[in-house]
Amino acid sequence: MTDTSTLLYDFPSCTIRGAVVSEMANNVYLITHKETGAQILIDAADSMAAIKELLRDGAGDATVPARLTTIATTHQHWDHVRALAELLEVSGAQTVAGLQDMAGIEAGTGVKIGHPVADGEVLTDVEGLLQLSCVGLRGHTPGSIAYVLQDYRVSGEIMLDVEGATIILSGDSLFPGGVGNTEGDPQRFASLLDDVQERLFARYPDDAVVLPGHGAATTLGAERASLPLWQDRGW
């Protein structure tokens with residue numbers, strides 16, 4: 001485990017940085033738009049020290065003063081929201097989470113989620129240049145959301161960062177080697193596997209990178225052949 005900020009991707013329009021924090025080895029991700037300085041943080045897990053370092057390093061990637069505009073939470077579990085209240089207090093950023101997990105997050109943190117999202121919605125930063133597709137993945141929790149970074153649309157024109165580049169911030173719904181924990185519940189497992197297959201594997205290319213809530217990155221292509229195995233084993 002390390003709280004050190006790491007540059008994961010440096011695209012022409014934005015950077016993605018990450019840090020691994022806490023005894024739960026949570027991944028925290030920060031997307032910074034270079035031109036506007038707008039920043040979106042994915043999962044305000046413990047600790048604030050690591051998040052402050054992420055924000056500081058991300059600010060160095062921008063050509064103008066940077067500011068955290070959005071805190072997006074992948075799901076309601078406590079280890080992914082421990083720094084949410086403190087980060088909101090110091091930043092005033094908009095808070096985003098899946099509609100079905102909103103009550104759990106609010107009960108656990110005291111933070112009111114200002115912008116609930118569901119599958120198929122597009123999350124846009126205040127400048128309108130940094131956009132994430134919201135993908136509902138039901139099963140690990142009822143309102144788990146993966147956030148997908150793809151092409152940018154500026155004045156109706158598509159501006160590709162890297163041709164075909166797709167980054168899926170999957171929370172705890174998809175990992176190398178399988179889907180997230182559904183606690184042995186066959187209905188929750190079937191729901192999650194169906195959503196992962198229909199909403200990720202069927203929509204996005206094999207070179208799409210998956211950045212999970214814990215552990216190492218993978219790609220859809222690296223995992224696709226294992227889908228029948230996951231189905232057969234039931235987890």
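Each residue takes its place number in the sequence, starting with 1. Below, each value reflects all heavy atoms present in this structure, side chains not excepted, and no hydrogens, waters or symmetry copies.
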Practice problem: Answer with yes or no whether the hydrophobic clustering places Ile16 together with Leu174; edges join I, L, V, M, F, W, Y residues whose side-chain heavy atoms lie under 4.5 Å apart. | Solution: no

Quiz item: Side chain of Ser91, backbone of Leu87: donor and acceptor closer than 3.5 Å?
Solution: yes

Quiz item: What salt bridge (charged side-chain N to carboxylate O under 4.0 Å, His left out) pairs are there with at least one residue in residues 113-123, not counting sequence neighbours?
Solution: Asp119-Arg199, Asp119-Arg203

Quiz item: Hey, are the side chains of Leu149 and Thr166 touching, using non-hydrogen atoms and a 4.5 Å cut-off?
Solution: no

Quiz prompt | Rounded distance [0.5 Å steps], OG in Ser133 versus OH in Tyr147 | solution = 12.0 Å

Quiz item: Do Leu211 and Tyr204 sit in the same hydrophobic cluster, where Ile, Leu, Val, Met, Phe, Trp and Tyr count as joined when their side-chain heavy atoms come under 4.5 Å apart?
Solution: no

Quiz item: When rounded to the nearest 0.5 angstrom, what is the spacing between CG in Leu192 and CG in Asp185?
Solution: 11.0 Å

Quiz item: Once you round to the nearest 0.5 Å, how far does CD1 of Ile40 lie from OG1 of Thr70?
Solution: 4.5 Å

Self-check item: Side-chain heavy atoms of Glu35 within contact of Cys14, under 4.5 Å
Solution: no

Exercise. Mind listing the closest non-hydrogen atom pair of Ala97 and Ile113 along with its distance?
Key: N-CG2, 3.8 Å

Exercise. Verify side-chain contact (heavy atoms from CB on, under 4.5 Å) between Leu130 and Thr36, making sure each step is shown before the conclusion.
Key: CA-CA 9 Å; Leu130 191 54; Thr36 67; over 6 Å; no

Exercise. Given side-chain contact (heavy atoms from CB on, under 4.5 Å), test Thr218 with Phe175 step by step and report yes or no.
Key: CA-CA 7 Å; Thr218 186; Phe175 296 97; over 6 Å; no

Quiz prompt | Any side-chain heavy-atom pair of Gln39 and Leu30 under 4.5 Å | solution = yes

Quiz prompt | Within one Ile-Leu-Val-Met-Phe-Trp-Tyr cluster: Val135 and Leu193, side-chain cutoff 4.5 Å | solution = yes

Practice problem: Answer with yes or no whether the hydrophobic clustering places Leu68 together with Leu7; edges join I, L, V, M, F, W, Y residues whose side-chain heavy atoms lie under 4.5 Å apart. | Solution: no

Quiz item: What closest approach, in Å, do Ala83 and Ala45 show between heavy atoms, and which atom pair accounts for it?
Solution: CB-O, 3.5 Å

Self-check item: All pairs passing salt bridge (charged side-chain N to carboxylate O under 4.0 Å, His left out) where residues 218-235 contributes a residue, at least two apart
Solution: Asp206-Arg224

Exercise. To the nearest 0.5 Å, tell me how far Met48 CE sits from Glu89 CD.
Key: 9.5 Å

Quiz item: Do Asp57 and Ser5 have side-chain atoms, one donor and one acceptor, less than 3.5 Å apart?
Solution: yes

Quiz item: Checking Asp101 side chain against His75 main chain: does a donor-acceptor pair fall under 3.5 Å?
Solution: no

Quiz item: Are any side-chain N or O atoms of Thr109 and backbone N or O atoms of Val111, one a donor and one an acceptor, separated by less than 3.5 Å?
Solution: yes

Quiz item: Can you tell me if Thr32 and Arg17 form a side-chain donor-acceptor pair at under 3.5 Å?
Solution: no

Quiz item: Using the ring of each side chain (for Trp, its six-membered ring), is Tyr9 parallel, tilted or perpendicular to Phe11, with breaks at 30° and 60°?
Solution: parallel

Self-check item: Arg188 side chain vs Gly139 backbone, donor-acceptor pair below 3.5 Å
Solution: yes

Quiz item: Are any side-chain N or O atoms of Thr74 and backbone N or O atoms of Ile42, one a donor and one an acceptor, separated by less than 3.5 Å?
Solution: no

Practice problem: Would you give the length of the straight line joining atom CG of Asp43 to atom NE2 of His214, rounded to the nearest 0.5 angstrom? | Solution: 8.5 Å

Quiz item: Under 4.5 Å between any side-chain heavy atoms of His80 and Asp172, yes or no?
Solution: yes

Exercise. Please lay out, stage by stage, how Ile168 and Leu200 fare under the test side-chain contact (heavy atoms from CB on, under 4.5 Å).
Key: CA-CA 9 Å; Ile168 301 169; Leu200 293 181; 4.1 Å; yes

Quiz prompt | Donor-acceptor contact below 3.5 Å, side chain Asp10 vs main chain Thr15 | solution = no

Quiz prompt | Hydrophobic cluster membership, Leu8 vs Val148, 4.5 Å side-chain cutoff | solution = no

Quiz prompt | Residue pair Ile145, Leu137: steps toward the side-chain contact (heavy atoms from CB on, under 4.5 Å) verdict | solution = CA-CA 6 Å; Ile145 297 288; Leu137 301 173; over 6 Å; no

Exercise. Please tell me if the side chains of Gln131 and Leu123 come closer than 4.5 Å, counting only heavy atoms from C-beta onward.
Key: no

Self-check item: For the student: nearest non-hydrogen atoms of Gly184 and Pro186, plus distance
Solution: O-CD, 3.3 Å

Practice problem: Could you check if a side-chain atom of Thr73 sits within less than 4.5 angstrom of a side-chain atom of Thr95, using non-hydrogen atoms only? | Solution: no

Exercise. Measure from the side-chain N and O atoms of Ser170 to the backbone N and O of Val210, and report whether any donor-acceptor pair falls under 3.5 Å.
Key: no

Exercise. Check Phe189 against Thr182 and note the closest heavy-atom contact, atom names and distance.
Key: CB-OG1, 3.4 Å

Quiz prompt | Minimum heavy-atom distance Gly215-Asn27, with the two atoms named | solution = O-ND2, 3.0 Å

Quiz item: Are the side chain of Trp235 and the backbone of Glu183 linked by a donor-acceptor contact shorter than 3.5 Å?
Solution: no

Practice problem: Report the distance from atom CD of Glu86 to atom CG of Asp46, rounding to the nearest 0.5 Å. | Solution: 9.0 Å

Practice problem: If the plane angle is over 60° it's perpendicular, under 30° parallel, otherwise tilted; pick one for His140 and His77. | Solution: perpendicular

Self-check item: Asn26 side chain to Asp79 backbone, donor-acceptor under 3.5 Å
Solution: yes

Exercise. Indicate yes or no for a side-chain donor-acceptor contact from Thr219 to the backbone of Ala222 under 3.5 Å, with no hydrogens or angles considered.
Key: yes

Quiz prompt | Leu99 to Pro116 - nearest heavy-atom pair and separation | solution = CD1-CB, 3.8 Å

Self-check item: Side-chain ion pair, Arg82 and Glu23, N-O less than 4.0 Å
Solution: yes

